[in-house]
Amino acid sequence: MHCSRQRGVQPEGAAVSAAGMPQDAGHQSTRLLVIGGGPGGYVAAIRAGQLGIPTVLVEGEALGGTCLNIGCIPSKALIHAADEFHKLTQYASGSALGISLQAPQLDLTQTVRWKDGIVNRLTGGVGALLKKHGVTVLSGWATVLDGKTVEVRQPQGAPLRVSCEHLLLATGSVPLAIPDTPFGGSVISSTEALAPVELPRHLVVVGAGYIGLELGVAYRKLGVQVAVVESTHRVLPGYDEELTRPVLAQLKRLGVVLHLGCTVHGRSSDGDGVRVRSAHADEFALPADRVLVAVGRAPRTEGFGLENLHLDRTGRALKIDAQCRTSMRDVWAIGDLTGEPMLAHRAMAQGEMVAEIIAGKRRRFAPAVIPAVCFTDPEVVVAGLSPAQAEAAGQDCITATFPFAANGRAMSIESTDGFVRVVARRDNHLIVGWQAVGRSVAELSSAFTQSIEMGARLEDIAGTIHAHPTLGEAVQEAALRALGHALHI
Ligand SMILES: Cc1cc2nc3c(=O)[nH]c(=O)nc-3n(C[C@H](O)[C@H](O)[C@H](O)COP(=O)(O)OP(=O)(O)OC[C@H]3O[C@@H](n4cnc5c(N)ncnc54)[C@H](O)[C@@H]3O)c2cc1C
């Protein structure tokens, strides 16, 4: 176990801890104990350290959690590598740009090594930041004994008991399995899909949500035959149909085979495929030497004594209030453990807030919007209400769309598919939502979120000079169009 002697845990033998609690061998105390070193937990610990709160963070696997090790970052690295390979493959058969080259080769081991290098740089950086801010990091699995005591099982040595004034639960989430097709062998989750030793010939992806599509497209671009099986009749079923249409079109162009309205019911009897059932109850088999199950994630609530606390739940997630307090005093919860939206930036914002509340600041979690991005091809961004959601909320809204086909920058990067859409109140033009689909639109998410958070009206965006030529001009043009005087369409 790595147990650095910093501000969090008092050295053994010290009579009284910084938090004023007695210490003895194998039993330490601190003011804040964080379980889980993902984006929620590590951000909470860094902020607590900055605020002078003695803090211990316990992590059973690797600092950075799902996000840095097996989620956001490695998936985006793999997607980038696949995009580059695919582009070169296309150039090998000629290009309108006048570029020609030989067919590219892929050294998968090196690709994975490069991806791991990014992960290691980031997780190492998290460790350094925690150290810099005086946080004690304990490597080991924590078991909750009561609301103020946790036992840490170290890889070597005796278990350590840590008591605390505040317990922050940030244990994240785990991939959901499907009946009849349990994880194991060639049935994998996103974790294994992000660290391939070799590429399969036929990959079946179960679930057309963002994780399934991001990884399915990346594998397809690396040359794998990919089929996606989705129980609803849409890809990205959480997003509106107009927004996902360009993604659907690109999946078809790439040759990803879609089986919508279908479910997977186990491996086929020869073991070389999966059995699929359609909405009409027809059964058929799909070849699959690997099956990626990406049907969602569940809060990680089991295996670490959480049940000892009898905390209130909302479904499988821990129930929290607007300050991330659970139903037990001084026990807090953040991130995926607290349910949807399971996004790293939400976990981080909650973690920062909890540290500030413990330090005595007045805070509540009331963001105007939490943006979401699908790093599909093309990318999809949503922030705030879609036209249908605004209508369902009883708001009378104006909606306007500006297509990238009319944007010079989009043409110059060969990415005219997609659009930016704005949703604003009809009475006072307050912007309540933005959506976009297109290449690199993930980078527009900051502008979308800031405008809503700052209470911008259509006139504010329309009257702001946007640099030319950029994709951002489509944001301004959407606002202009909502006001009835778009300039470039
Ligand atoms: C493939 C994939 C791609 C994703 N892409 C994105 C994206 O692009 N953008 C985005 O915003 N989100 C993305 N996510 C979601 C994002 O990773 C999560 O929302 C985020 O990591 C949640 O942070 P967290 O701190 O709540 O939990 P986690 O990151 O899951 O961290 C929890 C940590 O707690 C540790 N832990 C659990 N129990 C114990 C215990 N008893 N003792 C000690 N340690 C324990 C775990 O080992 C883990 O490290 C993606 C997820 C996946 C799987």
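Counting convention: from 1, in listed order, for ligands and their atoms alike. Remember, predicted model here, so these are calculated numbers, not experimental data.
- Within a 6.0 Å sphere centred on NZ of Lys319, heavy atoms belonging to other residues, nucleotides or ligands number 12 at most.
- Scanning the protein for heavy atoms near atom 32 (C) of ligand 1, the closest one is Ala170 O, 3.4 Å.
- In terms of modelled atom types and a separation under 3.5 Å, the side chain of Glu230 and the main chain of Val235 share no donor-acceptor contact.
- Summary of contacts: the protein heavy atom closest to atom 21 (O) of ligand 1 is Cys67 N, 3.3 Å.
- Other residues, nucleotides and ligands place more than 12 heavy atoms under 6.0 Å from the CD atom of Glu307.
- When non-hydrogen atoms are compared, ligand 1 lies under 4.0 Å from the side chain of Phe304 (C-beta onward) but not from its backbone.
- In this structure, the side chain of Gln389 engages the main chain of Ser386 through a donor-acceptor pair within 3.5 Å.
- For atom 2 (C) of ligand 1, the closest non-hydrogen atom of the protein is Gly71 CA, 3.4 Å.
- A side chain to side chain contact (heavy atoms under 4.5 Å, CB included) with Leu194 is found for exactly one of Leu78, Ile73, Asn69, namely Leu78.
- Distance from atom 43 (C) of ligand 1 to its nearest protein heavy atom, with residue and atom name: Gly60 N, 3.2 Å.
- Without hydrogens or angle criteria, Thr326 side chain to Val331 main chain gives a donor-acceptor distance under 3.5 Å.
- The single protein non-hydrogen atom nearest to atom 48 (C) of ligand 1 is Glu59 OE1, 3.5 Å, given as residue, atom name and distance.
- Taking only non-hydrogen atoms, the option from Gly40, Ala347, Pro39 nearest to atom 20 (C) of ligand 1 is Pro39.
- With Tyr210, Trp141, Phe375 as candidates, the residue nearest to atom 40 (C) of ligand 1 on a non-hydrogen basis is Trp141.
- Proximity of Arg300 to ligand 1, defined as any heavy-atom pair under 4.0 Å, is confined to the side chain (atoms from C-beta onward).
- Partner Asp377 forms a side chain to side chain donor-acceptor pair (under 3.5 Å) with one of Arg439, Arg253, Lys221 and no other, that one being Lys221.
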